Amino acid sequence: MSQGWGQGPQGGVPQQGGYGPPPGQGYGPPPGQGYGPPPGQGYTPPPGQGHTPPPGQGGGGASGGFGRFVPGIILGGVLSGVLSMIPLLNLLNCCFCLLNVGGVLGGLAMHMNRAPNDKVSMGEAAGFGAAAGAIGGVMMVLGSMLMNLALGALLADLYRSISPDLARQMQASAAMSILALPIYAVLFGGFGALGGVVGISVFWKDRQPGKS
Amino acid sequence: MTPALRAVVFAAGAAPFVALLAPWSAGTLSQVLSTLCHQLPERTLTVGGVAMVVCSRCAGVYAGVMLGALWPMPVPLFARLRPLLIAVAALAVLDVALQDLHLLPVGHARRVVTGLLLGWAPAAAMSRALSRPSEAPRAELA
């Protein structure tokens, strides 16, 4: 046991002809001819054309993560939903879903004010708008149903006195609102995404990553 | 998130055309879209004898949104996004004003084209921004 593995007379690294490079012929680059770029000729990207992460895929936010948008998304959704359920005012939605887009812009404005140094890419703005718009669409349907429930008792007699068919149509439209909920969410979400794109391009163009 | 966003925008743009392709859904879609369009019959297109569930300008907007979600905006246009968005919005507002002041008749072709541009520009810009990094230059300051 006095001679362990590799410690015998023939074990271990040979005394000569071992695995190291021959003296003076090592594997490093020849002196003065290294593998780096020639001085002054190395590759650097042209100004403004360097690699940046794709918009909406990270790297954009000062504090990272889509979660930083949650308060703004909620506010935008509530604004969009509440404005869209106000009678007469909701006619403005006939113009490119204006109240929905306005709600999204309101939420985005709040986020921009809360985080003045945050950079928001166009993809993130679109995601922000889609989420806020979808919340707004759902809120609008649910809010309208609540309003119908609250006012329904008052209006039912009126509708019946005008026309029994009208009363039945009102009941049918209330029932259809539930079926239409996902359609509203998609429509408002889609137009909300476009609202986010318009907002970041027109109102906050300097707040995109890579812009001063 | 990228494909899902484009899918949502495409689905939103496709809504009125689904009513044409699947007549059983026309009633529900017509009621839903009545909150987003005046649906005046004299301003509505008919396709194959069937009236669309939105007016001709909205039909253009929805078609533009759908196309924009499918095909990203060309890079030269994307580089001038801000003036482009302002221009297409101004064009649509001008057309609405001229038509409602009775300086121009209600023309479906003009309504569809101005609506198409209004819907296409932001949707195609979003698709460009969400596309591959080599194809996604930032919109320059304008």
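Quantities reported herein were computed from a predicted structural model and do not represent experimental measurements. Below, chain A is the first sequence line, B the second, and so on; all start at residue 1.
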* From B:Thr35 OG1 over to A:Asn100 CG, what is the distance, rounded to the nearest 0.5 angstrom? -> 10.5 Å
* **Least distance between heavy atoms, A:Met122 atom then B:Ala129 atom** => SD-CB, 3.6 Å
* Asked: For the residue pair B:Ala11 and A:Val186, what are the closest heavy atoms and their distance?
  -> CB-CG1, 3.7 Å
* To do: Please report the closest heavy-atom contact between B:Pro122 and A:Val197, naming both atoms and the distance.
  => O-CG1, 3.8 Å
* To do: Could you look at B:Ala15 and say if it's the side chain, the backbone, both or neither that has a heavy atom under 4.5 Å from chain A?
  => side chain
* Partners meeting ring-ring contact (aromatic ring centres under 6.0 Å, His included) with A:Tyr184 (sequence neighbours left out) -> none
* **Heavy-atom pair with the smallest gap, counting every atom of B:Gly119 and A:Phe96** => CA-CE1, 4.1 Å
* Close side-chain approach of A:Leu187 to B:Tyr62, heavy-atom, < 4.5 Å -> yes
* **Gap separating the CD atom of A:Glu124 from the CG atom of B:Leu130, nearest 0.5 angstrom** => 10.5 Å
* Begin from the C-alpha positions of A:Phe191 and B:Val8 and carry the test side-chain contact (heavy atoms from CB on, under 4.5 Å) through to its verdict. => CA-CA 9 Å; A:Phe191 278 92; B:Val8 166; over 6 Å; no
* Closest heavy-atom contact between A:Cys94 and B:Cys58? -> O-SG, 4.4 Å
* Asked: What distance separates B:Leu85 CG from A:Ser201 OG, expressed to the nearest 0.5 Å?
  -> 5.5 Å
* Which pairs with one or both residues in residues 25-51 of chain B pass ring-ring contact (aromatic ring centres under 6.0 Å, His included), sequence neighbours excluded? -> none
* Structure fact -> So, the part of B:Val65 with a heavy atom under 4.5 Å from chain A: the answer is side chain
* To do: With rounding to the nearest 0.5 Å, note down the distance linking CG in B:Leu36 to CG in A:Leu99.
  => 10.0 Å
* Structure fact -> One should read off an interatomic distance between B:Leu81 CG and A:Ile200 CD1, to the nearest 0.5 angstrom, of 11.0 Å
* **Least distance between heavy atoms, B:Val9 atom then A:Leu194 atom** => CG1-CD2, 4.1 Å
* Using non-hydrogen atoms only, which part of A:Leu179 is less than 4.5 Å away from chain B: side chain, backbone, both, or neither? -> neither
* Structure fact -> Test side chain to side chain contact (heavy atoms under 4.5 Å, CB included), reference A:Ile183, set B:Leu29, B:Val18, B:Leu33, output is B:Leu29
* A:Cys95, A:Ala134, A:Gly196, A:Gly190: which one forms the most heavy-atom pairs within less than 4.5 Å of chain B? -> A:Gly190
